[in-house]
Amino acid sequence: MSKNILVTGGAGYIGSHTVLQLLLGGYKAVVVDNLDNSSAVAIKRVKELAGEYARNLVFHRMDLRDRPALEEIFDSNKFDAVIHFAGLKAVGESVQKPLMYYNNNLIGTITLLEVMAARGCKNLVFSSSATVYGWPKVVPCTEESPINAANPYGRTKLFIEEICRDVHRSDSEWKIILLRYFNPVGAHPSGHIGEDPRGIPNNLMPFIQQVAVGRQHALTVYGSDYSTKDGTGVRDYIHIIDLADGHVAALKKLADPSIGCEVYNLGTGRGTSVLEMVAAFEKASGKKIPLVMAGRRPGDAEVVYAATEKAERELNWKAKYTIEEMCRDQWNWASKNPYGYEGCAHQNNNNSAPH
Ligand code: NAD
Ligand code: UD1
């Protein structure tokens, strides 16, 4: 019997790619997403890419904080596990609107955990972030490195991690995997699904992509005076398909009787600078990316990359894709969908995707 997984936020960037990998891996997926930062077209495309497995995907447009609606979904399904992506994620916006972030991310998670407990589903994979390492004093960041948060978004991740640890301490039936993602980039190699941020992108790759398709004039490079190889910030970029596969590996790990509440980094272990990323993207796309050198962005760390041994050893998972492949797939998505899913806005007017 196929395992049945509830995926919150499954229409979003990471969620849509993960749902596809789940379906292709023989899982059933029920997606709940309020589409606040995503499009029903993503679900439609996932179904197209999943072929015969599309029948194993059900989508509900719903806010996670709507407890009666969530209870109804649990009443009409038996879930083996939940992958919880749903949340707001823009750092700058979280500083402007902290209560909106605490309400959405914390109340959403608490509602989910309460309904899961009441319905006897105690297996969870949660989207945490490398943001909890702040400005690391030592790299690579291991799962034991000190954690802290510099903004309300980061604090929601930190608080939810702590809530999960407490929930597990209170009831050892819970099995929880906290995945700390490094910097997910790229798109499905088909170019049919990818990242489609609303408004002006905050993150590096979506911004570069918009410069390449002519939606932005130039990339502002935030800081060229860091103590790094070329003075620009260094991050651990990970292909979205590797990241999605990391979730399938985490689900398998939940079947291990020894698992309690565990943290795993999902990264490649390699650091790449802003200028290296720009050069790789220019090569993949054949487009020149004009640069404007600027000061450091407040809150930015200098160098962040992952220690990957724990995930390799215990999840039996390792990132495979190179920076060149990340840029190739990012450009494939961008050139096919220069305005993201908006290009098919007429399909987006439906409240929910076809089942
Ligand atoms: P995303 O915005 O594309 O996806 C999140 C999805 O959750 C969206 O589809 C949104 O509509 C939905 N959502 C938000 N609040 C909801 C609610 N209350 N009820 C129902 N649906 C809701 O973001 P993403 O990049 O796919 O990130 C997924 C998760 O991973 C988030 O929790 C994010 O914080 C975390 N994360 C992302 C990154 C990154 O760089 N993308 C890095 C680390 C962690
Ligand atoms: C940012 C968030 C982090 C979040 C992560 C993934 C901040 C301070 N941190 O991390 O909390 O978990 O995204 O969503 O916002 N850069 C430019 N020009 C740009 C954009 C970025 O030079 O227009 C540089 C940054 O200075 C950094 C690198 O590119 O050195 C990567 O930036 P970004 O993609 O925003 O990711 P993070 O800073 O790692």
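Indexing begins at 1, ligand by ligand and atom by atom, following the structure's order.
Under the side chain to side chain contact (heavy atoms under 4.5 Å, CB included) criterion, Ser285 pairs with Phe281, Lys287, Trp331, sequence neighbours left out.
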Might you work through the ring pair (Phe, Tyr, Trp, His ring centres under 6.0 Å) test for His247 and Tyr181, ending with a clear yes or no? CA-CA 11 Å; His247 292 76; Tyr181 312 149; 5.3 Å; yes
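When only interatomic distances are considered, the shortest N/O to N/O separation between Ser128 and ligand 1 does not fall below 3.5 Å.
The shortest heavy-atom distance from Arg235 to ligand 2 is under 4.0 Å. Contact analysis leaves Gly154 out of contact with ligand 2, as no non-hydrogen atom separation drops below 4.0 angstrom. Residue contact check for ligand 2: Tyr237 places a non-hydrogen atom closer than 4.0 Å to it.
When atom types are taken as modelled, the side chain of Asn265 and the backbone of Ala306 share no donor-acceptor pair closer than 3.5 angstrom.
No salt bridge links Lys157 with Glu161; every basic N to acidic carboxylate O contact stays at or beyond 4.0 Å.
Between atom 7 (C) of ligand 2 and the options Val304, Val278, Val91, the minimum heavy-atom separation is to Val91. Which of Ala86, Ala42, Pro184 comes nearest to atom 40 (O) of ligand 1 through a heavy atom is settled by distance: it is Pro184. With distances taken over non-hydrogen atoms, the option nearest atom 13 (N) of ligand 1 out of Ile160, Val32, Asp36, Asn34 is Asn34.
In this structure, Tyr237 and Thr268 have side chains that are not in contact, with every pair of non-hydrogen atoms separated by 4.5 Å or more.
Here the heavy atom of the protein found nearest to atom 10 (C) of ligand 1 is Asp33 OD1, 3.5 Å.
In plain terms, the two heavy atoms of Ala42 and Ala11 that are nearest each other are CB-O, 3.6 Å.
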